[in-house]
Q: 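Got a structure for you, questions after.
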Amino acid sequence: KPFFHFLPGSTALSIATVGCNLDCKFCQNWELSRGSPESTETEEMAPADVVQAAVQRKCESIAYTYNEPVVFTEFVCDTAAAGKSRGVRSAVVSNGYIRKPALADLAKTVDAIKVDLKAFDDRFYRDITGGRLQPVLDTLVNLKSMGVWTEIVYLVIPTLNDDAAQIRDMAKWVFRELGPDVPLHFSRFYPQYRLKNLPPTPVDSLERAWAAGRDAGLHYVYMGNIPGHAGESTACPDCGKTAIRRIGYQVLENRLVHGRCRDCGRAVPGVWA
């Protein structure tokens, strides 16, 4: 899962339904997001069944992902509550397009939320996703006030949301509104769904975005979908030593000790145990 500061190296049981409240032209799971229960092979499971499946597979968490968990928020809340009673945590992978009361329900039960920030441009949201930008920004600010561990993923799409000035503005907004310790992931786009006419994101575009995030004062900026790149690993903001070394989602080395850098002792925010 795209959580670098939440139980790294552990296993999550991933579940999904069908449907989404956005219509992103680049969706990589469009068969689920645009599907219907009648057209999709599904299995009926109660919240307790999901938790039992996680326990049997020795998963430390349940991830609600692939399609948009906002469309089955009630089930997420019930399952997360059932998981807590058995020591199984819950992480939501979401587009963040959700009203505050429903978000508050999620915040009471789940342990982490990853928000896809599609762009820092309302026109992009309207034209490419069918939504609006401000509700997602509101969600991020609300998550901070609700105390839920949050990470942000920004998929860099050539010609559509890769404008250097917009990315700098977005990074500054994250620093100003959410603080320097929110992990920000810049991920590489690959042609999908209705955007097959665009090329994969050039690596240098991602590197410029990564640099913009760090220049804005953010401590934990990452690059995704480029296995083996140094931008996948966690570095200590104080001493600069590698605290967690990764290739893709695989953790090769975790040098944190009780959430602190082994070399200088600085606390690294996250959920580590």
Side-chain angles (χ1 to χ4, degrees), residues 1-14 28 54 57-63 65-66 88-93 111-117 148-156 162 167 170-171 174-175 178-190 200-273:
K1 299 294 107 178
F3 290 93
F4 278 9
H5 291 232
F6 179 78
L7 303 179
S10 66
T11 302
L13 175 70
S14 297
Q28 65 178 351
R57 291 163 175 79
K58 296 181 171 55
C59 295
E60 293 188 32
S61 61
I62 299 166
T65 182
Y66 303 135
V88 179
R89 302 190 190 186
S90 286
V92 170
V93 180
D111 301 279
I113 297 179
K114 188 276 293 181
V115 174
D116 280 324
L117 183 56
V148 181
W149 180 254
T150 303
E151 304 195 21
I152 300 170
V153 172
Y154 187 105
L155 183 69
V156 182
D162 61 345
I167 288 176
M170 181 271 294
V174 172
F175 179 87
L178 309 178
D181 291 330
V182 175
L184 174 60
H185 306 249
F186 290 105
S187 290
R188 191 180 196 187
F189 163 84
Y190 288 97
T201 314
V203 174
D204 60 353
S205 294
L206 286 170
E207 290 174 336
R208 285 194 295 271
W210 180 82
R214 293 172 63 85
D215 289 344
L218 300 177
H219 292 156
Y220 306 103
V221 186
Y222 297 104
M223 292 171 55
N225 293 340
I226 308 178
H229 195 284
E232 294 181 311
S233 295
T234 300
C236 173
D238 278 358
C239 69
K241 298 290 183 63
T242 299
I244 304 176
R245 187 163 61 93
R246 302 180 181 84
I247 291 183
Y249 295 146
Q250 182 181 3
V251 174
L252 302 181
E253 183 181 20
N254 185 346
R255 303 185 68 252
L256 293 178
V257 180
H258 303 300
R260 293 184 175 272
C261 173
R262 181 177 298 177
D263 293 288
C264 70
R266 178 192 172 105
V268 177
V271 179
W272 308 115

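Small disclaimer: the values here were computed from a predicted structure and weren't measured.
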Q: Check whether Thr150 reaches the backbone of Val148 with its side chain - one donor and one acceptor, N or O, closer than 3.5 Å.
A: yes
Q: Are Asp111 and Trp149 close enough, and set up right, to give a side-chain contact (heavy atoms from CB on, under 4.5 Å), and what steps lead you there?
A: CA-CA 7 Å; Asp111 301 279; Trp149 180 254; over 6 Å; no
Q: Search all heavy atoms of Asn254 against all heavy atoms of Pro8 and return the closest pair with its distance.
A: ND2-CG, 3.9 Å
Q: Is a donor on one side and an acceptor on the other found under 3.5 Å between the side chain of Trp272 and the backbone of His258?
A: no
Q: Does the pair Tyr66 and Val93 meet the rule for a side-chain contact (heavy atoms from CB on, under 4.5 Å), with working shown?
A: CA-CA 8 Å; Tyr66 303 135; Val93 180; over 6 Å; no
Q: Could you check whether any side-chain N or O of Ser187 sits under 3.5 Å from a backbone N or O of Asn225, counting only pairs where one atom can act as donor and the other as acceptor?
A: no
Q: Looking at Ile113, Asp116, Leu184, which one forms a side chain to side chain contact (heavy atoms under 4.5 Å, CB included) with Ile152?
A: Leu184
Q: Do you know which two heavy atoms are closest between Leu218 and Ala171, and how far apart they sit?
A: CD1-O, 4.0 Å
Q: Once rounded to the nearest 0.5 Å, what's the spacing between atom NE2 of His219 and atom CZ of Phe175?
A: 7.0 Å
Q: For Met223 and Glu232, work out which heavy atoms get closest and say how close.
A: O-CG, 3.4 Å
Q: Measuring from atom CZ of Arg260 to atom SG of Cys236, what distance do you get when rounded to the nearest 0.5 angstrom?
A: 10.5 Å
Q: Are any side-chain N or O atoms of Gln250 and backbone N or O atoms of Arg246, one a donor and one an acceptor, separated by less than 3.5 Å?
A: no
Q: Looking just at side-chain N and O atoms, do Glu151 and His5 make a donor-acceptor pair shorter than 3.5 Å?
A: no
Q: Could you check Ile244 against Val251 for side-chain contact (heavy atoms from CB on, under 4.5 Å), going step by step and ending with a plain yes or no?
A: CA-CA 7 Å; Ile244 304 176; Val251 174; 3.9 Å; yes
Q: Working to the nearest 0.5 angstrom, can you tell me the gap between Lys58 NZ and Ser10 OG?
A: 15.0 Å
Q: Measuring from atom CD of Gln28 to atom CZ of Phe189, what distance do you get when rounded to the nearest 0.5 angstrom?
A: 10.5 Å
Q: Is there a side-chain contact between Arg266 and Cys239 (heavy atoms, below 4.5 Å)?
A: no
Q: Apply side-chain contact (heavy atoms from CB on, under 4.5 Å) to Arg89 and Leu7, showing your working.
A: CA-CA 10 Å; Arg89 302 190 190 186; Leu7 303 179; 4.2 Å; yes
Q: Within the distance-only criterion (no hydrogens, no angle test), does the side chain of Arg245 pair as donor or acceptor with the backbone N or O of Leu252 below 3.5 angstrom?
A: no
Q: Any side-chain donor paired with an acceptor under 3.5 Å for Tyr222 and Thr234?
A: yes
Q: Please check if any side-chain donor atom of Ser14 sits under 3.5 Å from a side-chain acceptor atom of Lys1, or the reverse.
A: yes
Q: Is the shortest side-chain N to carboxylate O distance from Arg208 to Asp162 below 4.0 Å?
A: no
Q: So, for Leu256 and Cys261, which heavy atoms are closest and what is the spacing to 0.1 Å?
A: CD2-N, 3.9 Å
Q: Nearest 0.5 angstrom please: Trp210 CH2 to Asp215 CG, how far?
A: 9.5 Å
Q: Would you compute the distance between atom CZ of Arg188 and atom CD1 of Ile226 and round it to the nearest 0.5 angstrom?
A: 5.5 Å
Q: Counting the benzene-type ring for Trp, do Phe4 and His185 have ring centres under 6.0 Å apart?
A: yes
Q: If every non-hydrogen atom of Ala212 is compared with every non-hydrogen atom of Ile167, which pair is closest and at what distance?
A: CB-CG2, 4.2 Å
Q: Looking at Ala112 and Phe3, what are the two nearest heavy atoms and their distance?
A: CB-CE2, 3.7 Å
